[in-house]
Amino acid sequence: MSTSGRAAEAVTVIGLGPMGQQIVRTYRAAGFTVTVWNRTPGKADGLGAHRAETVADAVAAAELIVLSLTHYDAMDEILGGADLTGKVVVNLSSDSPQRTRQGAAFVRARGGEFLAGGVMAQPHEQALAIIDRSGSEIARFMPYAQRSLGSVGELYAAWAGIAEDGDPPDPAYLRMMTAGARHVVATGAEVGVDTVLAESVSSYWERSAGTPESTFQVFRG
């Protein structure tokens, strides 16, 4: 196989929170050679990916670099000393349009190409809170939700269990969703769209991240 062919089948994933780990599994299932790096190396255990010792090693391992990090500041810190010549950096963090443009300039200044791909999660906690607040049991609605969600049905059931058990939320997840909500508001304002509803939603994420308590708890009251 040619060098270019091998490069097309390789990817590096930096950041191994729940989303980053699932991205690795998806790439692995598709037959890609995956290299990973994370501040906490142990998060790579069991993923079947090659664990790079340094950021430089991770960047060198593939042309495509996928970042699953909490925010753009983390990208700046982690890739600040990296040579990105010939690399395509896909940042899945969410932030304002201005911060996204700054991130693009940051990558291009180091020789790379930049693609913003902020990932937005389903509003599962809000929906569950509305059901619970109505006096109905969440379990009653689970079969219908799982049927419509297909392959992520089991994941939705896990979310429901976490909400009902009152487990504390993941602070990194709350920060990511807060940044995403801010991005929606900032983008809407920049193009002249009414952001009243978006600002209301954003306020719930801000409250959750500041407490921290899950949006299920916030909506449930």
Side-chain angles (χ1 to χ4, degrees), residues 11-24 26-27 36-40 55-56 58-60 62-126 169-215 218-219:
V11 61
T12 287
V13 178
I14 295 178
L16 296 176
M19 185 171 73
Q21 291 180 353
Q22 186 56 49
I23 289 170
V24 172
T26 300
Y27 273 124
V36 298
W37 184 89
N38 193 75
R39 295 179 193 272
T40 306
V55 173
V59 170
E63 178 183 355
L64 177 63
I65 316 297
V66 177
L67 305 181
S68 181
L69 304 170
T70 308
H71 43 61
Y72 272 74
D73 289 347
M75 179 188 77
D76 294 353
E77 179 182 350
I78 291 170
L79 296 183
D83 179 8
L84 301 177
T85 302
K87 307 296 181 179
V88 177
V89 176
V90 181
N91 191 343
L92 304 182
S93 302
S94 298
D95 211 312
S96 68
Q98 179 182 7
R99 189 65 182 89
T100 302
R101 286 191 287 268
Q102 290 173 348
F106 172 91
V107 170
R108 291 169 186 146
R110 287 160 177 78
E113 297 181 62
F114 178 82
L115 178 64
V119 173
M120 302 301 293
Q122 300 178 38
H124 54 276
E125 292 176 314
Q126 296 92 316
D170 180 358
Y173 164 76
L174 292 178
R175 290 195 298 270
M176 178 188 72
M177 293 306 297
T178 300
R182 290 173 181 165
H183 177 75
V184 171
V185 173
T187 302
E190 184 165 299
V191 299
V193 174
D194 187 336
T195 61
V196 172
L197 179 58
E199 289 171 11
S200 178
V201 173
S202 180
S203 71
Y204 280 100
W205 286 112
E206 295 278 359
R207 177 178 164 185
S208 294
T211 309
E213 58 181 340
S214 70
T215 51
V218 171
F219 273 84

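Being a predicted model, the structure only gives us computed values, none of them experimental.
- Judged purely by atom type and a 3.5 angstrom limit, Arg175 has no side-chain atom pairing as donor or acceptor with the backbone of Ala209.
- Just one of Val13, Thr12, Leu115, Val90 meets the side-chain contact (heavy atoms from CB on, under 4.5 Å) condition when paired with Leu64; it is Val90.
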Walk me through whether Asp73 and Arg99 qualify under side chain to side chain contact (heavy atoms under 4.5 Å, CB included). CA-CA 9 Å; Asp73 289 347; Arg99 189 65 182 89; 3.0 Å; yes
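- In this structure, Tyr72 and Asn91 approach most closely via the heavy-atom pair CE2-ND2, 3.5 Å.
- Distance CG/Leu79 to CD1/Ile14: 5.5 Å, rounded to 0.5 Å.
- One finds the CZ atom of Arg182 at 10.5 Å from the NE2 atom of His71 (value rounded to the nearest 0.5 Å).
- Listed here is the closest heavy atom pair of Trp37 and Ala58: CB-CB, 3.9 Å.
- Thr195 approaches Ala189 most closely through the heavy-atom pair CG2-N, 3.5 Å.
- A distance of 9.0 Å separates CE of Met19 from OG1 of Thr70, quoted to the nearest 0.5 Å.
- Taking 4.5 Å as the limit, some side-chain heavy atom of Leu92 sits within range of a side-chain heavy atom of Ile23.
- Taking CZ from Arg101 and CZ from Phe114, the interatomic distance works out to 11.5 Å, rounded to the nearest 0.5 Å.
- Panel note: side chain Ser208, backbone Tyr204; a donor-acceptor pair is recorded below 3.5 Å.
- Smallest separation of non-hydrogen atoms from Gly20 and Ser68: N-OG, 3.3 Å.
- Distance alone, capped at 3.5 Å, is enough to place a donor-acceptor pair between the Ser203 side chain and the Ser200 backbone.
- No side-chain donor-acceptor contact under 3.5 Å links Thr85 to the backbone of Gly111.
- A distance of 12.0 Å separates CD in Glu113 from NZ in Lys87, rounded to the nearest 0.5 Å.
- Put simply, CD on Gln102 and CE on Met75 are 9.5 Å apart, with the number rounded to the nearest 0.5 Å.
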Begin from the C-alpha positions of Leu84 and Val59 and carry the test side chain to side chain contact (heavy atoms under 4.5 Å, CB included) through to its verdict. CA-CA 7 Å; Leu84 301 177; Val59 170; 4.0 Å; yes
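- The shortest side-chain heavy-atom distance between Leu67 and Ile78 does not fall under the 4.5 Å cut-off.
- Residue Gly15 comes nearest to Leu69 through the heavy atom pair CA-CD2, 3.9 Å, listed as atom of the first residue, atom of the second, then distance.
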